[in-house]
Structure formats: structure tokens, C-alpha cells
Amino acid sequence: MALDFVYIEDLAQLEGTTGTLKGWLYNKRGSKGLYFLIVRDGTGLVQCVVNQEEVDAASWDAADAATQESALAVTGRIVKDERQVGGFEVQATHVELISQAEDYPITPKEHGVEFLMDRRHLWLRSRRQWAILRVRNRIIMSIHEFFQEQGFVQMDAPILTGNAVEGTTTLFGIDYFGEPAYLTQSGQLHGEAMAMAMGKIYTFGPTFRAEKSKTRRHLTEFWMIEPEMAFYDLAMNMDLAEAFLVRIATDALRDCQTELEVIGRDTAPLEKVKSPFPRLSYSEAVDLLRSDETTAMLNAREAALQDEQQQLTDERDANQKAYGQAKKWRKRQIDAREIEINKRLSEVEEALRNIPQWRESAKNFEWGSDFGGSDETVLTWHFDRPIIVHRYPAVVKAFYMKRDPDDDRLALGMDVLAPEGYGEIIGGGERATDLQFLKDQIAAHGLPESAFEWYLDLRRYGSVPHAGFGLGLERTVTWICGIDHVRETIPFPRLLGRLKP
RNA sequence: UGCAUGGUAGCUCAAUGGCAGAGCGCCCGGCUGUUAACCGGGAUGUUGCAGGUUCGAGUCCUGCCCGUGCAGCCA
């Protein structure tokens, strides 16, 4: 197919030729007789130079009239210029205004979260969002490639279900022709059925949780990848999860250099995502949490934060003192810096408020409870790569988990915790195979056995050892991108109190 | 749901209980290589809502609404 225009990502192959770009105006600078149009087309950014002496009057008028996010077609010579974004520049010979944008609300300056979230449909055009969502795309491709190359069959679990797997409080209920139904919370039970048909499968679909959680880690609608493998035990499951994450990180580092740079991701921590991952049993993790080593580490972090707080406060005071005599450009610089300082200071203050509680929570952690968010964060601070925690107390895990044959109090579950405080991105384990054990567990969890008859059939007809896990896509993208909130990792996030746009 | 924190110009944010301000954006003018360009000028306000204290409230008090984060729960 021959296109009558070229894409910015292909400019390197087109150096020295003349081509037409079609895109939107990202930013504009100018002086007398000269405009610099920064154009985006979805594949990248490029600067187009419009010189009044080298274009016709209509082209000059078009460049003059173009406002932010106006649609443009720019024809010109493609030249290399290391100084420019993307390394190339287009010297325009013709400019056409395809459509003029009204006042675009998102300027190249800073905006608040609520303002941007209300305009998410436009925010997607910003460079940082472009980069994050391209990393998401790369990760999705890595996931499919990883499983497909190993003979896994992708199978979708239903989104409408009648099964309440872990209690109905976190399920979105709907009316299914007069019958109660729910939006799925996990495809796992159906995944098990499909694994008994195909051997190795993975699901890739949306899941819904009606948790009233307003945190940087929670969405009410998110995408989950759930592999399920017949004849896999817990150790094989952990090996697979580890290889899987190494693949995702390696691919992103190799293929998303530009995107990670735009986001400002320090890639050094990602370079360390290599096998083997540290593996701790739950009991070992509890010992580590309670240890003097953990207390010392938290003390050191606290001291570092206090130093930073002092430095920032000093800098702000010095700036305020200098403000009176400062030149205009310097005042502007100080204003911008003050906003940065205040933002960081409130983060530091928050952390300083939290650390004493975290230290107490870790020191007094009791064997038998589940880890809180802070405990997970504290654990991961001890390591430079993802860690796997396995063999949890059965009481804190789901009914379908297999018990540890060596210790009946334990379930053969495992979680993978991402480094840098990103926390749980994978949860899974080996599934119970015994029919009577499952019936007892369903009863013990207060679940209606009738709803699980089909699931119990899997144990009646050729029950085999099997295992699997679930990966939260958005949490994984958040970690790989090194950003602080899941809401930027999905095109249209669904959060508590947010259903639009 | 509990705790913390915030709501001031279109946006991001300042303002000891004492004349509501800056930068950006917008409009006008200048500038032939800018990098969130720069320089000069201009317009822009129901300080979230409702009460209260006070000579005087953006600031203090009470209630409500909305945002953000943390906890619980989880991927």
C-alpha cells in the first residue's frame, strides 16, 4: 500500500528526501519570518521549520494560524539535526491546515491530577502518556510472545459469571435476566478447566473489583494475565513466573529506550531483573521483617529523608531571601523550583509520618497474618530485584490452594513482589486436587457448593497436580515505567469515583 | 469506612486576621535558529458551598460538598 504521507518514526530512512507529514501541532515557537512547528503524528515528534521566504503565502498563513493541536500536513525536506527532538528536522516547503483547534486546555506546562483525569481523552496525546501506553503495548506483546513460544494456548474466561469466588463484597453485581450475576474478579477457575483441555493455557482479560480502595495501586477495572498449567507444581510455577518477568523487563529495556527516556525512568534497576530471584518462605519473610536488620534499614531511610527535608527547606529559604533582588527570569526559575520543592517536601513529610508506623508493623508482625502494603514494601527494600514469597498460612489464602504436605498450616501459594516498593504484581500457587478437601474448604469459606459443582467435576474426571498465577498488567506497567500511579498505565482508568471519560 | 491533607484567575501555585498576587496560557506589539524560546504592554476573581466569631476573614470556628494520599482489601 502506497501512502501519500510519511511517519515520523521512519524519518531516519528518508533523510535527504522530501516528504509530507500529517499530524497535530504539539508546540510552536516563532520569531519574525520564522516558525518552528513541533508536530506529532502518534509515532513521534519532529520540528518543522517554516521560513517565510521559502514558502507560499498560504503556507505562511497556515503556520501563523495553527494553534496547539491543530491538524496539519507539512511537506518539506527531511534533514538530520542532532540538536532536535528525534534527531531530525523538516524544512517546510508547504504547510496545509487540515483543521484548526480551538483553545486546547492542556498546555505544555504543569497540570493537576483532577484536571488531567477529566480530560483523559486529550491527555492521551501528551508525550509522557504516549510513552507509557507504548510501554504497555510492548509488555502486552511480550506476554503473548512468551506464552505462545512455549506452546501455551490463549483462552478467554467469561466476564459474566455466577460464581462468587472470594465473597460478594468486592464484586460488581448485575442483573442477568432476573438472575444475580457478577463481573468476573478472576478467570482462574475457568482457567483450570481450560488447562485440563489444553495442558497449558493463559487468559488475558479484564477483571473487576468493587473494592473501595483509593490508592495508587488500585483500579476497579484492570487487566489480568492468568496462566494455568496441568502437571506443574509450586516450584515449576515459580520458575515460570520468574522467566516471565525477566522476559517482560528485558524486552522493554531493549525496545522502549525512547519511551523510558521520555518517562524519565532510571533503567539501572530494570537491568538487574535477572534470574535468580530471591525466594523466601513466608516464615523466612516474617523473620526478616522482625529482624534488627529491618529496623536498622528503616532507621537509615528515615535519617536520609530527614536530611533531604532539611536541604529542601534550606534551599527554599535561600531562594526566598534572594527573590527580592532577582531578575525576572531568575524569579520565574525560583517560582518553578518552589513548586517542585513543595511537592517533594510533602512526599517526604508523608514518608516520615509513615516510617515509624511501618517500623512498628514490621517489628511486631505476627506469624499467621497476611502482609500489609507497608510490610511488602519494607521486604522489597532489602533486595535489588523481584522477590518470591511462598508457602503462606492457609487461612489467609483462597479455598482452592493446595496444602503443604510438610506443614498442614501452610498453603502452596506464592506472590511475586516487585522491587523499588512496587509490591505485589503476581499472586498464584499450586491448586488443591482432592475432591473432598475442596468440598470441605468451600463449606469452611461459607460458599455455596452448588455454584462450584462444575469446578468440582475437574477433580472427579482425571484430577492432576496443576498450578498457575495471575499477573496484574497495570501494576506491571507501573513498575516497568517507574511511575507512581496505576491510573496512567491504562487508556481510560476506572477508579473509585471515576467513570468518565 | 477511618486517618491525613487540600479546594484562591483558564492552568500551576503564593498571600502574620489588614489594599487578592506571580508565572504560564490568552490578546496586542517586537525579534530570521528557537528548544516548556525570549522582550514590552493588556484583559482576566462569587477565594468550593452555607452559617458563625471579629472593627476587619482567602486566613479562625461549625456543618456540608469535592479532590488527593494512607490504612483495610488486593493484582
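Chain letters run A, B, ... following the sequence lines, proteins first, then strands; residues in each count from 1.
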Q: Where along residues 386-395 of chain A does a heavy atom come under 4.0 Å from RNA chain B, residue by residue in number order?
A: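 Residues of residues 386-395 of chain A under 4.0 Å from RNA chain B: none.
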
Q: Without decimals, in angstroms, what is the distance between E424(A) CD and C73(B) C1'?
A: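 Going from CD in E424(A) over to C1' in C73(B) covers 11 Å.
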
Q: Pick out the pairs of N or O atoms, protein on one side and nucleotides 25-31 of chain B on the other, that lie under 3.5 Å.
A:
from: C31(B); atom 1: OP1; to: K32(A); atom 2: NZ; distance (Å): 3.3

Q: Under 4.0 Å between a side-chain nitrogen and a carboxylate oxygen: does that hold for R216(A) and E488(A)?
A: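 No salt bridge links R216(A) with E488(A).
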
Q: When the ring centroid of Y202(A) is compared with that of H144(A), is the distance short of 6.0 Å?
A: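 Yes.
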
Q: Report the secondary structure of RNA chain B in dot-bracket form, marking unpaired bases with a dot and bases paired to a different strand with |, and treating Watson-Crick or G-U pairs with both distances under 3.5 Å as paired.
A: (((((((..((((....[..)))).(((((.......))))).....(((((..]....))))))))))))....

Q: Heavy atoms only: give me the nearest P501(A)-R494(A) pair and the separation to one decimal.
A: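 Closest approach of P501(A) to R494(A): O-NH1, 3.1 Å.
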
Q: If each of Q84(A) and G472(A) is mapped to the nucleotide of RNA chain B with the nearest heavy atom, which maps nearer the 5' terminus, i.e. the 5' end?
A: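 Looking at RNA chain B, the more 5' nearest nucleotide goes with Q84(A).
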
Q: Would you kindly say whether S281(A) and H390(A) are connected by a side-chain donor-acceptor distance under 3.5 Å?
A: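 No pair is found: no donor N or O on one side chain lies under 3.5 Å from an acceptor on the other.
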
Q: With centres under 5.5 Å and planes under 30° as the test, does F222(A) stack with A75(B)?
A: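 So F222(A) counts as stacking on the base.
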
Q: Produce a footprint string for nucleotides 65-71 of chain B: one letter per nucleotide, 5' end first; B if the base is under 4.0 Å from any protein heavy atom, S if only the sugar-phosphate is, - if neither.
A: -SSSSBS

Q: Please confirm whether R120(A) makes a cation-pi placement over W123(A), using NZ or CZ under 6.0 Å from the six-membered ring centre and within 45° of the ring normal.
A: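 Yes, R120(A) sits over the ring of W123(A).
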
Q: List the atom pairs, with distances to 0.1 Å, where a side-chain N or O of residues 421-428 of chain A and a protein N or O form a donor-acceptor pair under 3.5 Å, not counting sequence neighbours.
A:
from: Y422(A); atom 1: OH; to: G482(A); atom 2: O; distance (Å): 3.3
from: Y422(A); atom 1: OH; to: I483(A); atom 2: N; distance (Å): 3.3
from: Y422(A); atom 1: OH; to: I483(A); atom 2: O; distance (Å): 2.9

Q: Among all residues two or more places apart in sequence or in another chain, which pass the ring pair (Phe, Tyr, Trp, His ring centres under 6.0 Å) test with F152(A)?
A: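 Listed in chain order: F147(A).
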
Q: Return the orientation label for the W358(A) and W381(A) ring planes: parallel under 30°, perpendicular over 60°, tilted otherwise.
A: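 Ring orientation, 0 to 90° scale: tilted.
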
